[in-house]
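Okay, structure first, notes after.
Every chain is numbered from 1, with letters handed out A, B, ... down the list of sequences.
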Amino acid sequence: MDLSTLNEPQKQAVETTEGPLLILAGAGSGKTKVLTARTAFLIAEKNVSPYRILALTFTNKAANEMRERIIKAAGNEAQRVWIHTFHGFCARVLSSDCERLGYKKGFLIYDVDDQQSLLGTIIKDLQLNDKVYTKRMLQDLFSKAKNHSDNPEAYLRASYQPRQVMEAYALYEKKKMAANAMDFDDLLLKTIELFNTCPDILERYRDLFRYIMVDEYQDTNMSQYKIISLLAAAHQNLCVVGDDDQSIYGWRGADIRNILEFEKDFPGAAVVRLEQNYRSSQPILDAANRVIAHNAGRKEKKLWTARTEGQPITVYEARGEKEEATFIAERILNGKRLGKRFDDYAILYRTHAQSRIMEMILQSMTIPYKIYGGTAFFSRTEVKDAVAYLRLICNPGDDVSFQRIANVPRRNIGMQSLEELKLAADKNGISLFEAAERTDTVSPKVFAKFAPFTELMHTLSNLYDKKSVVALLEGVLRKIGYEAYLKASDPKTWEARWENVQELVGFAQEFEDCFDSDSEEDPLQAFLNTASLFMTADRVDEESGCVNLMTLHAAKGLEFDTVFLTGMEEGVFPSQQSIREPEKLAEERRLCYVGVTRARNKLFLSYAESRSLFGQYAANPPSRFLDEMGDTISMPGSGFVPRPASASVHRGAVVSPHREPFTAPKVIEGTKPVSRKPAAGAASAAFKDGDRVKHGMFGAGTVVGIEGSGSTQIITIKFDKGPEKRLSTAYANLKPAED
DNA sequence: ACACTGTGAGTTTTT
DNA sequence: CTCACAGTGT
């Protein structure tokens, strides 16, 4: 096998096949390449059967990418390598043996929306104060408990949760069991339970998987750690890849200690550091290294690159978020003129809320963009409705789905009828569907209300030939007149919604094409579980030629030619709720590190003097992360005074809501504005290339570039002492030099 | 049963 | 500001 394209540490990581191995893979250091090569090496050089290799990832995307690349490197037999997400792997393990835990064959997977609606009924059932006990709060609490302990109930009790919470938890678990369903966290926990209570099953998998690899190890939680440990206990051939500096999911139960203490947990572990970065230029890496150095307790590593030359990082101070957005949009248009593509650009922000203004400005300048994240495909109402029909056909005991679609499309079934049915079902210990079909449980009136629905469901069930999910889905949509229903319910959005439904059909088709028809599994069953484990229908994302907008979290694992890191302000990034807690602040810093290292060639950091938050203007000082980057970046303008180290800064001050609007005067490129309002300082003076200027702080320099005009004009100056700087003419203290 | 109106809350979210 | 949801009115 040819390992010549690998560098020394990479080669070492590939060739260390026996025993525990920790690969500390810095950003952009080629970890996927190493994982792929390592798998190919095991198959080709060590004669390991592909199906004895288990590779675990977090996202479907990562799993797919790895599968593709492994097949490319090791040939078709590599298809039999077990490459799964943690949840997908657990779902697979459980689907063959869930009966050993008291589940019926073919359990359902409840996603967050299903959980929420179930919790909603529980809050009602237990008559909890819904101001104190919200769906969201219970969901977070239960998930936290399940992420931190394999005995969530004990965990809740140990944290002194009130009786109400304990009761809600018990009922939640009971109802889930009654519906033969598991939530995402259960998939992991129940797998542990299965392994612990059925030694024969654990033995089987231990024996099967001789080599185990885990991607993004820094993001594993307690359950995932336990699953890995159980499987790897005998042979210890466990290879984990990760970067403690990129651990950004602590708030979701990821335990950074898993990676920090790997060598303790698996004695004799080999450690390989991948520190050569193949992605970014030196200036970008310098800034990244500087920021992350402010975190304590790291696995020390220093990224380096052979690309020692590179464009300097640009820091931009905007007055408000509109100006920030305008600056970015202009830069992109400018780049486009110079031959860049729109999809070379990524705009990153801390929270989704920040995307609004960005979108607005991009739209107004007709720059195509796409937003990652937002409402996940399978969370869309119309998609969920359609899926709920399939779920109810598959499992009539699924009360969550029953409630969702009993009145969709409208069948004149309201709260009243539903409540009576629920009561009856509860009393008799049967499902809503069963209760609706029995004349002895509810009043004739209510029975009559549900009769058309239950009859419909029987008709729909008969459409299913146990072979084609697509045929079933299309039949269901036709029979319920879903297109007409969408049209009637919202004339503005029905087309997009119907498209989503069609997309679901497409997804089903894709699934069917890949589905092994010889398998004993019911295709519908398998389809539903696959769908539950997919956040997004990835194919929609293929659109190219667009500027990429996403949160910093969503950017992990991606790279772009040019990255704009926006909202670099205290209280925004780092976020307000993280500032006080050192652990959380450290995670924000890692998030910053992730953001910076997404850029290949050019990085922009921007902040706004004030921005509108919840309808008010809040002025925030520049992010401490800018300070922490030190002289690897240069701060703009004269107005910048380093933040005092003490916390005496008055945070979140609300400044006058009557500030001037941030709109730039509309001018045609090249003409001199007549600024509608004189900008602060000496800004109205016009500069041109080659002009000598004097800056209040940086001294004398030469103008080497001008972009935009009016209050958004940016001027690039090469200062005699020091580097190039980009300044806003409106705010920088600039004067024409006399010399 | 459904449409309307007022209130309150508002990170990040791989599965 | 802007969305989600609970409560009110027809």
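Looking at E173(A) and K146(A), a side-chain N of the basic residue comes within less than 4.0 Å of a carboxylate O on the acidic one, giving a salt bridge. Comment: K384(A) engages D114(A) in a salt bridge, judged by a side-chain N to carboxylate O separation of less than 4.0 angstrom. Between K226(A) and E193(A), no side-chain nitrogen of the basic residue sits less than 4.0 Å from a carboxylate oxygen of the acidic one, so the salt-bridge criterion is not met. A salt bridge does not link E321(A) to R356(A): none of the charged nitrogens lies less than 4.0 Å from a carboxylate oxygen.
At the heavy-atom level, F86(A) lies nowhere under 4.0 Å from the strands shown. Using a 4.0 Å heavy-atom cutoff across all strands shown, R350(A) reaches at least one base atom of the nucleic acid. Here N412(A) lies in heavy-atom contact (under 4.0 Å) with sugar-phosphate atoms only. Within the 4.0 angstrom heavy-atom criterion, no nucleotide atom of any strand lies near T57(A). At the heavy-atom level, R611(A) lies nowhere under 4.0 Å from the strands shown. Counting any heavy atom pair closer than 4.0 Å across all strands shown, E588(A) reaches a base atom. Heavy atoms of S575(A) sit under 4.0 angstrom from at least one base atom. Using a 4.0 Å heavy-atom criterion, one finds that N407(A) contacts the sugar-phosphate atoms exclusively.
Rounded to whole Å, the distance from CD on Q416(A) to P on dC2(B) is 13 Å. When the P atom of dT11(B) is taken as reference, atom CD of E581(A) falls 16 Å away, rounded to whole Å. Computed from coordinates, the I248(A) CD1 to dT15(B) P distance equals 13 Å when rounded to whole Å. As a whole-Å value, the separation of Q139(A) CD from dT13(B) P is 15 Å. Between the CD atom of Q576(A) and the P atom of dT12(B) there is a distance of 15 Å, rounded to whole Å. Across the protein-nucleic acid pair, W251(A) atom CH2 and dT13(B) atom P stand 6 Å apart, rounded to whole Å.
For Y249(A), taking side-chain heavy atoms from C-beta onward, the closest of the listed nucleotides dT13(B), dC3(C), dT15(B) is dT13(B).
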